[in-house]
Amino acid sequence: MLSAYVPVLIFAVIAVLFAAVTLLLSHLIGQRKPSEDKLMPYECGNVPIGTARERFPIRFYIFAMLFIVFDVEVAFMFPWAVLFQKLGLLGFVEMVIFVTILLLGLLYVWGKGALEWE
Amino acid sequence: MDGFGILSLVTFFPLVGVPLLFLIRRENVELQKQVTLAVMFLDFLFSLYLIMGFDPGEAGFQFVEKRPWIESIGATYFLGIDGISLWLYLLTTFTCPICILSAWRYIDRHVKEFLICMLVLEVGMLGTFCALDLLLFYVFWELMLIPMYFIIGVWGGPRRVYAAIKFVLYTLFGSVLMLAAIIFYYLYVARVTGEYTFDLLKWYQVLPPFGVQIWLFAAFALSFAIKVPMFPFHTWLPDAHVEAPTPGSVILAGILLKMGTYGFIRFAMGLFPHATHASLPLLVVLSIIGVVYGALVSIVQPDVKKLVAFSSVSHLGAVMLGLFALNMQGVEGGIYQMLNHGLSTGALFILVGMLYERRHTRLIKDFGGVAKVMPIFAAFFMITVLSSVGLPGLNGFIGEFLIFLGAFKANPVWTVTAATCVILAAVYLLWMFKRVMFGPIVHDENRNLPDLNAREIGLLVPITIMYLVMGVFPNYFLGKMHASVEAFLDNYHKRVVMNVDRPTQPLALFIGGK
Amino acid sequence: MFVKPEYFFLLVGITLFSIGAIGFLIRRNLIICFMCIELMLNGVNLVFITFSHFLKSAIGMMYVLFVMAIAAAEVAIGLAIILMVFRLTGSVDMDRLNTMKG
Amino acid sequence: MGNFDLVSILPDVILIGFAFALLLAGGFVPSERQVNLNMLAGLGFLMAIVANFIVMGSERISFFNMFMFDNLAGVFRFIFYGVGFLVALLSEPYICGRIRHKGEYYALVTLSSVGMSFMATSYDLIMLVLGLETMSLSVYVLTGLFKTDERSVEASMKYFLLGAFSTAIMLLGIAFIYGALGTTSYGQIVEAYQKMGGEKTGILLAGVGLVLAGVLFKIAAVPFHMWTPDVYEGAPSSVTAFMISGVKAASFVMLIRVFALALKIVVFDLTTVVMLIAAVTMTLGNVTALLQRNVKRMLAYSSIAHAGYILVGFVALNKTGLAAIIFYLVAYALMNIGAFAVLVLFEDRGNYLDQLSGSGFKYPFLGLMMTIFMFSMVGLPPTGGFMGKFYIFKGALEAGYVWLVVLAVLNSAVSAYFYLRVLVYMFFEEFSGAVAPSAQASSVNLTLLITSIGILYLGIFPQSLFALTERCMTYLP
Amino acid sequence: MDIGALVFITVKILVVFGLLMLTVAYLTLLERKVLGHIQIRLGPMYAGWHGILQPIADGIKLFFKEDIITAQADKLFYFLSPALSIVPVLLMFAVIPFGDQTTLFGLLKEPVSLRITGIGIDILFIFALSGLSTYGVVFGGWSQNNKYALLGGVREAAQLISYEVAFTLSVFGVILLSGTLDLYKIVEMQKDVWFIVYQPVGFLIYLTAAVAELKRVPFDLPEAESELVAGFHADYSSMKFAMFFMAEYASIVACSCIGTVLFLGGWNGPGILPPFVWYLLKVFALIFVIIWLRGTYPRLRYDQLMKFGWKFLIPLSFVNIFVTGMIMLLVR
């Protein structure tokens, strides 16, 4: 059963090797003349102020949360979808209920205005 | 009376006062007191019916009411009184109105709450004396704690918080163990008879092996000994009595302490004769120590109230001694002395309270020559002190005489030791009386003390009459309790000679046999 | 081979769980503690799948989905709480959580 | 077995519906117009209670062996919905003005009640965990309700981390049980175990041990109790009331379901352990409670002690003991909700004892109520607390654990000290005037009335509940 | 598995890999040419005939560029993120089928499958990998210590995960119809009718979400050159930058391949052309559409972008799924 994954593994090794070798080569080959100005982060020509590792809007976080919820939901839907023809009407109704509950959640987030940017 | 018996009526009647008090406006303090007094007095009148209806020839319980309460565990609502509890029951209904009268001026804040506490307290006390179902008994027994806690804690003296908590914790420690013992015995009875019941009468018919008896007796006895209080467990008493307000002290000394002794007769000794028999030496020694110790400590007390409190330890020791004599005179004397103590010590607390209301001090050295300014007070005080000392012709004499008679029959040595009680009582009480009432008036504040008013006289008169009645016609009282005491003793002596096995592992019965 | 290769999966699962548990107990950074819990849950998942394979029953795999859902819900709420802590105290150090004592 | 017994979960369906209604109301109705949301939540709980009355009765297993509806589940549902109802009642004046998200608050209370109900009806370990998480996740959020209060956030964080940790441990235990027996359904566990010849494999014992650890954590038994005081103190008072009554009851239904019913055979090996845990739990809880000056924290430690008492009933593992657990939980829920209903009125950052000084006479009704609740906690008659203790001790003595009962009664005597200290401050101290109760709200008064009458009723006429709880335990001799 | 099979598979992988790299390289040229012609200009013309050597020149140039690591950059993640973004994309090709079994016009004795492997849950695998690429974006944005990069990275991550949901959901119509996650079987089922006929809405959603996933116009806001100076890879240079670039173009190829397989019948087509050619035609048609969009549409605002994803695309996907399911139940 697992033997089907062997090619995937080989492919992964090749892909990783490719990435590593390319990065390494360019790092070695490319000329290096570092200077203070060059190593400064680019901020549209201005001198950067402070650290860049600042906090960013909470809004991103809300989307991340929503994503997790829906992504896991999708994980539940995969087996359902594959077996859809066997499960028949009952399975369909159950999934409708399941999704409706989640969509109500989406509706709530919508109503709270969390989906509005700015 | 098939629906609700007279006992239910008397026991729960005080509760009628609670909604009435809620209806009265907070400011109308006088009316609140009057209503409470009326309720309690009515209750007393109802209870008089018990005397009239009581059949002295009948040894068993009378006015019995029994109805299911918690079916699934076999607990019943089971009330009844016999000769032993009859007078204690009446003492309660008699004392409570007097307490309210004594509190008339003493309690000046949160009056409504105080009155409610008193009413609930009366229910608890009455229930304790007439409950014949162990669970019901326990409920009433603990129910008293709650109002008493508040009475000491809210209306008490400067160290009231400490005293209230000490009182509750001491009592609770004993009683929770009793609860464990009650459940244990309940399950034991069920195992033996196959019937789940808390019925005291059915419990009497079971005689557990000694190994079981001794533990259960220990738990019961500890609880009652704390309440009495017997010698090493008495330390809560001075605090509670001294810090409690006058009515609280009266109830404590007059009735609550009797519950311990009552519990001994009814439950600890009644249920576990072998264990009682085995532990008699210890108990008697503790009683005698209590008698002497209480008296000696009383002598050196500078505070009148504390003196009276410690005298209770001494007196109750004598009562216990009478009970442990386990003969007719001893037990009857013990019960009689309980009543006497209830009256006279109660009265002493009331009198001390009256002094305190006037002078706001209770130290003996602050008084002197009070008899000159308060002659009526002095007269009442004198009679009460003499009653407490045991002057022939007054009630105290009968009780003490009977106790000594009984104790002498059982073991003369006890009596000799205990007789010091009377002598020492005379010493501390009369000496105190002399220092307070006679001599020159050294403190100017004492010169203008008002004498007793009508209310105060009114509340002392019934007590004084009772001294005389009980001193002159003891047979009326003893006659009613005679049959029951005899039955108790018969039962005890019959059962104590029965053979019970003594398992080496006392609780093996339960731990092994799942 | 002395043991079935499947045992290694079990071993890996339990090892993951243990790493998570130990990490949870010794690290003081809230985020790391939180991720350790996720690691534990994933260890549990692996154990479930392995047993499912042992026993030839699909229930174990179904449970993995449930555990994933639980983990996801915990992520959502846990991160929100950590965020709240950070906004309030400016730190994600567990030792800073000591307002209450006694 | 695979029947979709929708009727049986009707109360939960109703509650879920209400939860969504509340949630959407929280989302769409402007916050200044969200006045009657507690009424809506209360209505939901009432309807659920009524529905539970209707569906309670015969015993059925449905939803592919996932749910079991029996008297036990029915009674516990009453507890959960009742707790939810009372908490919804007492919350309004407390959270009003403190938070903006009222709809969410009530929705979370409702949802976590649903989770509890699922725990009570679960017939499969995984269903149990799902119910547990539904409950816990909601409560984690509720704990951190006051986003700007450091203690609330801290409590939430601690509760979450430790709660998630314990869930993970429990899940590993379930995985082990699954691996050992090939099933996680209660009925099949016993069958599979017997089919295996009753062999106690290491992996099975490890699984049972891990699940037990997880359950004991939720119960807050020593040594898994460390989170309790901080969480209960830091959480908003109304939420603490919810946790201390509802969540605790749910944790115990877990114990009864899993260990007394499903893993009954295995659990006998663990009795000694649980017995010791019970003994240590009640003693430690009481002793530490003696030192507290914060009423909420004191009640938190006392909840540990009470967990110890209840565990005594579990150690007995007989019909009486387990039935007593239910009775005790009912009484315990009532008195705690009542006590917290009083506390929320006095809440002004702290709940310290001296803030209650003299309030008993200043507000006689609250004083009377607190008196009833505190005496019930001590276990004095005529209150439900007494009857609960009585019942527990009866069960334990029937099973022969005399020393445990003696320890328990001594502990309850000790506990009198700190419970009565609340009354000392309320009645024996002069009124300081420092803290006046926040606006007297009729809904809180209603809560107080219901709880106090309930406690007295249970203390004086316990018969009906005794009988009901015993009917829950038809599985045991 | 014996050594011979392993070698064979390795060779197959290397062939696919090489072809892919070639395609990616010339895709850049294709895009510039197409865009150029759309804008009525010629595009690259110097390197070779019509700029045919331009990609190679670009590659060499990038290879020799200085590899700048800005101050205070987090070295580990700085190096890791280019690799993290390209490896998952490449791995997708491990399960994508490119055609039926073939003997390469009789060159081989035994028919060879034109896919590297089939694992039965191909779709799940692909979506798992597509989720992984978000890490590259976030780590890359964060590691550079550059505000623009950080913001770009976060925005891009938010966009990716938002459209990831719709992207995944769009496929469910196909899964419902086919009842399998195996791409090969899905293609087999489309012998007669392509799924686009049953799933027109699903295909449109797929295409939209894919374009968003690929960060292409009109959803290319996170890396808009004119606004966010190329987004999360602002400070990347040399081959690292090229790596991100390659990942993007490889993704285009992957998305087109998957779209072809799922909706356009894969290598199925009228017999006038060999299956593999059909497959390539469809793939390049999709690629062309994606490039075409860039030449035609303006860029969305970020708020519009998120709103469109959550308020329109995701609900629509659900509706699509349930309508599909309902019709299937009714028809049966």
Side-chain angles (χ1 to χ4, degrees), chain A residues 1-6 8-9 12 50-87 90-91 94-110 112-115, chain C residues 1 4-13 29-31 34-35 37-39 41-42 44-46 48-93:
Chain A
M1 179 190 122
L2 286 175
S3 60
Y5 287 89
V6 172
V8 178
L9 186 67
T51 174
R53 311 255 155 82
E54 282 189 339
R55 299 191 222 168
F56 41 82
I58 186 102
R59 214 164 281 280
F60 289 109
Y61 172 73
I62 292 173
F63 282 104
M65 228 159 77
L66 275 177
F67 164 71
I68 290 173
V69 172
F70 278 92
D71 212 37
V72 173
E73 176 194 9
V74 167
F76 277 99
M77 282 176 78
F78 271 109
W80 168 78
V82 171
L83 293 176
F84 177 73
Q85 273 136 356
K86 279 188 203 155
L87 294 175
L90 197 62
E94 281 193 319
M95 188 48 79
V96 170
I97 293 172
F98 178 61
V99 170
T100 312
I101 290 175
L102 274 158
L103 285 181
L104 278 174
L106 185 66
L107 191 63
Y108 162 75
V109 175
W110 195 329
K112 273 276 163 184
L115 296 180
Chain C
M1 283 290 166
K4 281 198 227 161
E6 281 89 344
Y7 280 116
F8 289 113
F9 289 94
L10 203 57
L11 197 66
V12 172
N29 183 311
L30 290 175
I31 303 260
F34 174 64
M35 280 164 73
I37 290 171
E38 294 301 304
L39 199 61
L41 288 177
N42 283 323
V44 170
N45 274 349
L46 200 53
F48 261 126
I49 291 182
T50 314
F51 279 132
S52 174
H53 186 69
F54 271 155
L55 301 162
K56 308 265 179 296
S57 88
I59 308 174
M61 302 204 192
M62 191 181 83
Y63 290 173
V64 171
L65 284 179
F66 286 128
V67 176
M68 272 165 56
I70 289 173
E74 276 181 359
V75 167
I77 285 170
L79 284 179
I81 296 173
I82 293 179
L83 214 65
M84 223 155 58
V85 170
F86 182 74
R87 277 151 67 108
L88 213 57
T89 65
S91 149
V92 287
D93 190 351

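Quick note on labels: first sequence line is chain A, next is B, and so on, each numbered from 1.
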*Is there side-chain contact between F9(C) and F51(C), with at least one heavy-atom pair below 4.5 Å?*
no
_Can you classify the ring geometry of F48(C) versus Y63(C) as parallel (below 30°), tilted (30 to 60°) or perpendicular (above 60°)?_
perpendicular
*Where on L83(C) is there a heavy atom nearer than 4.5 Å to chain A: the side chain, the backbone, both, or neither?*
side chain
*Please round to the nearest 0.5 Å and tell me the distance separating atom CG of L103(A) and atom CG of L107(A).*
8.5 Å
*Name the region of A80(C), side chain, backbone, both or neither, that has any atom closer than 4.5 Å to a heavy atom of chain A.*
both
*asked:* Do P79(A) and L65(C) make a side-chain contact, defined as non-hydrogen atoms from C-beta onward lying under 4.5 Å apart?
replied: yes
*Quick one: which residues of residues 62-70 of chain A reach chain C at under 4.5 angstrom, heavy atoms only?*
M65(A), I68(A)
*Straight-line distance of L55(C) CG to H53(C) NE2, nearest 0.5 Å*: 10.5 Å
*Using a cut-off of 6.0 Å, state whether more than 12 heavy atoms not belonging to M35(C) lie near its atom CE.*
no
*Is any side-chain heavy atom of F34(C) less than 4.5 Å from a side-chain heavy atom of N29(C)?*
no
